[in-house]
Amino acid sequence: MEDQKRMMQAHIDPDDIRKHPNLVHQQQDIGAILQRIMAITDESLDEAQARKHALNCHRMKSALFSVLCEIKENTALSVRGIQEEVPPDPQLMRLDNMLLAEGVAGPERGGFFAAAAAVAAAAEGSTDDGSLEHADYREKLSQIRQIYHAELEKYEQACNEFTGHVMNLLREQSRTRPISPKEIERMVEIIHRKFSAILMQLKQSTCEAVMILRSRFLDARRTRRNFSKQATEILNEYFYSHLANPYPSEEAKEELAKKCCITVAQVANWFGNKRIRYKKNIAKFQGEANLYAMKTAVDAASVSSQSSQLNSPATPDSGGYPSLCYTPDGRL
DNA sequence: GGTTATGATTCTAC
DNA sequence: GTAGAATCATAACC
């Protein structure tokens with residue numbers, strides 16, 4: 001009767017007992033060991049240590065361990081497992097992408113040189129100064145890259161060291177309490193997650209450093225260069241010859257950009273500024289307007305006269321400008 | 001060194 | 001998305 005009760009408690013199939021008579025005795029042993037474990041907390045430290053030692057040396061220890069490990073697996077760990085399916089952090093992904101694009105993370109080529117090309121583009125129009133800034137930017141970016149990789153190495157080393165330490169500790173502890181390999185694996189995951197927060201901070205501060213560097217070197221306001229005289233003349237000619245509607249089409253902007261050796265965006269900026277400044281102070285620009293209107297008229301006249309009077313006397317070498325007198329505000 | 005000119009950016013309205 | 005307006009930052013000039 002007592003045996004049956006114990007069997008029920010231990011969920012043992014009676015058929016198994018008939019087949020394996022030793023099983024009943026083994027279950028009795030396990031039951032006794034479990035009871036002793038439960039009683040350990042009520043004992044003094046010395047008594048508990050002695051009992052712990054006795055349990056460690058018990059012949060059933062390994063079997064008991066596997067049972068306890070299985071129980072743990074089926075209860076607490078299985079519950080945790082459901083919650084641990086965490087999707088990749090979008091913030092970390094963004095930082096990774098940025099560091100890759102900037103050439104700080106990943107292979108040195110690609111992003112790094114793309115960024116350098118961006119600097120070169122920003123310094124468009126400038127010569128010596130631009131290349132100097134370009135080199136300076138590359139050097140600074142390279143420094144950031146070096147620091148990032150050094151820190152990353154330190155981080156990985158620290159992470160591996162700590163993980164190894166914890167794993168050893170758990171393995172050591174697994175001699176006295178049931179710790180399954182899966183549990184150790186999960187602990188390693190937890191440690192990696194904690195360390196990834198530090199990694200996130202490293203990536204965040206690296207991104208900030210790159211952004212500051214970029215703003216310092218790529219902010220066009222800091223590296224502003226006036227357009228060449230020729231470029232300004234071309235733009236002004238177009239503006240004043242289309243004064244009724246100074247809004248160049250995309251094609252016209254592209255052509256002007258090509259002629260002036262500037263970007264389409266710069267052409268758009270120039271026209272934006274010109275329109276607003278002209279409108280604000282028409283009187284101030286009147287002279288300029290007359291000058292370019294005259295120039296356009298003379299150019300048109302010279303083209304038509306060249307085509308119709310190829311043998312006519314040569315005009316003075318004044319770049320096609322008429323020798324007319326202007327008032328200070330540009331009027332004839 | 002102060003002032004003006006100028007190219008670029010940002011914000012707002014459409 | 002584009003234009004207008006305000007503003008910033010630097011170049012150029014005196």
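Quick note on labels: first sequence line is chain A, next is B, and so on, each numbered from 1.
Between the CZ atom of A/F239 and the P atom of B/dG7 there is a distance of 13 Å, rounded to whole Å. Note: CG (A/N236) to P (B/dA5) measures 14 Å, nearest angstrom.
Checked for salt-bridge contact, A/E250 and A/K253 meet the test: a charged N lies under 4.0 Å from a carboxylate O. A salt bridge does not link A/E255 with A/K258: every distance from a Lys NZ or Arg NE/NH1/NH2 to an Asp or Glu carboxylate oxygen is 4.0 Å or more.
Contacts of residues 267-282 of chain A with DNA chain B (heavy atom under 4.0 Å): A/N269, A/W270, A/N273, A/R277.
Counting heavy atoms from C-beta outward, A/L243 and A/F239 have side chains that approach closer than 4.5 Å.
Among pairs with a residue in residues 195-204 of chain A, those fulfilling side-chain hydrogen bond (donor to acceptor under 3.5 Å, both in side chains) read A/Q91-A/Q204, A/D96-A/K203, at least two apart in sequence or across chains.
Sparse packing is recorded around NE2 of A/H165, with 12 or fewer heavy atoms of other residues, nucleotides or ligands lying under 6.0 Å away. By the neighbour-count criterion of 12 heavy atoms within 6.0 Å, atom NZ of A/K274 is densely surrounded, having more than that number from other residues, nucleotides or ligands. Around CZ of A/F162, the count of heavy atoms belonging to other residues, nucleotides or ligands within 6.0 Å does not exceed 12.
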Kindly give the atom pairs (protein nitrogen or oxygen, nucleotide nitrogen or oxygen) under 3.5 Å for nucleotides 12-14 of chain C.
none

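Phosphate contact (OP1/OP2 of C/dA11, side-chain N/O of A/R225, threshold under 4.0 Å): present.
A continuous path of hydrophobic side-chain contacts links A/I198 to A/L152 [ILVMFWY only; heavy atoms under 4.5 Å].
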